[in-house]
Amino acid sequence: MSFSENNPLNEINGEDKWHSQQGRETLVSNIIACRSISQMVKSLLGPVSMEKMIFYPPKRGALLTNDDFIITNDGFTVLSCINVENPAARLLIQLSRGVDLEYGDGTTSVTILAGSVLGKALSLLESGVDPMTIIRAFTKGLKIAEKIATEHSIKFDPHSEDGFNYLHSAAKTSLGSKMVSRSSPLLSEIVVKSVLKCNTMTEPHVVCVDGGLMTDSHLLEGFLLCGNFLNQPKASHSNIALIQFPLTKPQPKNGMGYDVVVGSATDVDRILREEESYIKSMVVSLKKLGVDILGIQNDIVHNPLPATALSLLTRAKITVLPLLERSDFNLLKFLTGAKIFTAPEMVTKENSKEFLGKVEGNIQLYPIDNQNYLFFPSRKFSTVVLRGGSNSILAEMKRSEKLKLNCKQRMSQQTQLINISIHTNSD
């Protein structure tokens, strides 16, 4: 086969790329590097997969800790921890990462499949077949495979009994090769129910609680927030306000910081009175809006909720949630339909009530062992509570559950699957 003169792959340094000895050696070395990656993760596939230990040597003189090594049988975790120099092998790892982000499962399978295909390509190259011919043949074979898969696919309703059984079976298959395979029936049921509970815009919330057994994991219809009320809660809750500013008096913004010089005790009293007066006006404004619950983002400033503000909010019978991390803050925004108050001036505007959200039912204290949580009941959201005896087991469980949640959420949206039955010969 000959290339046309206008083909940019035709020449490198004036020679034919594929027919030069240097080009063929580079191509073969890239294939061998990719096959080495594929062979490394081959033992991680299937229900009888082997676990691998990834060790990070500590610095000289440092003691060995639990963070210096990882034991896992997850192919994507192994590929993410190794350093690869070959650019083609790096592309194979990027392929695995793309499958992980898009579908949530199949990272090991796609790496092994790619290595097998490259092995067949290498044998064809050694037989003298032109690389472009091999590429066109693989492209044609991909289209045929997609056509056959479409013809043998089964359409289903994820909310029907058959659809639930399909998703449950797929989840059990996915979890069968993970560390949590012993509890796969329970965890698979939790995964499917949580995915069907949420809509396509959100994914279920996953909370890991140290202690207990894997079988103690369960599903809650609502949102579980770590922590306790910062003050005495009211008997009932309805309106919630989410703010992204501290309940302290704004300081002048000169871009260079500021220093407060106090000359006497009278000046100290005056500053404290001004601070208390400002906080009191903010609490009065929140009370006039009808706020029952207040949520404050934690990572905005060093101390977003001083003791004076908490005392005044308690006297105003406004329940204060624990300081919220960004992820929990955004989940509460979705759950309650609240809009965020980003500045103190927004509280006193005429349309401020439009920013308030609604809480379904009453917020309940939900203790698990020695840890306190707040439970927000909701019919459109779910929380997966994972239990495990150690941090390593919990980390592996969380990753497995996250992957399967993404995978099953994708399946529930496409509502189409291929049912494969594997028959083994007893002889």
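Because only heavy atoms are used, hydrogens play no part in the values below, and waters and symmetry mates are left out as well, while side chains stay in.
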Side-chain heavy-atom pair [X], [Y] within 4.5 angstrom cut-off:
X      : Y      : result
Leu247 : Leu294 : yes
Leu95  : Leu91  : no
Ile296 : Leu323 : yes
Val291 : Leu356 : yes
Met40  : Ile82  : yes
Ser382 : Lys193 : no
Phe376 : Leu331 : no
Leu374 : Leu365 : yes

Decide yes or no on side chain to side chain contact (heavy atoms under 4.5 Å, CB included) for Phe229 and Leu321, but give the supporting numbers first.
CA-CA 5 Å; Phe229 295 110; Leu321 299 177; 4.0 Å; yes
Side-chain donor or acceptor of [X] paired with backbone N/O of [Y] under 3.5 Å:
X      : Y      : answer
Asn30  : Leu27  : no
Asn231 : Ile318 : yes
Ser352 : Val347 : yes
Thr139 : Ile135 : yes
His168 : Phe164 : no
Ser29  : Glu25  : yes
Ser123 : Lys120 : yes

For residues 107-119, pull every pair meeting salt bridge (Lys or Arg N to Asp or Glu O under 4.0 Å), keeping only residues two or more places apart or in separate chains.
none
Do any pairs count as a salt bridge (Lys or Arg N to Asp or Glu O under 4.0 Å) and have a residue in residues 324-343, sequence neighbours left out, and if so which ones?
Asp299-Arg326
With no hydrogens and no angle check, just 3.5 Å: does a side-chain donor-acceptor pair link Lys52 and Ser43?
yes
Apply side chain to side chain contact (heavy atoms under 4.5 Å, CB included) to the pair Ser217 and Leu187, showing each step before the final yes or no.
CA-CA 8 Å; Ser217 303; Leu187 296 178; 4.1 Å; yes
Quick one: sort the Phe223 and Phe381 rings into parallel, tilted or perpendicular, breaks at 30° and 60°.
perpendicular
For the pair Thr383 and Phe375, evaluate side chain to side chain contact (heavy atoms under 4.5 Å, CB included) and give the outcome as yes or no after the intermediate values.
CA-CA 10 Å; Thr383 298; Phe375 178 60; 5.8 Å; no
Show the nearest heavy-atom pair for residues Ala338 and Ile240, with the distance to one decimal.
CB-O, 4.3 Å
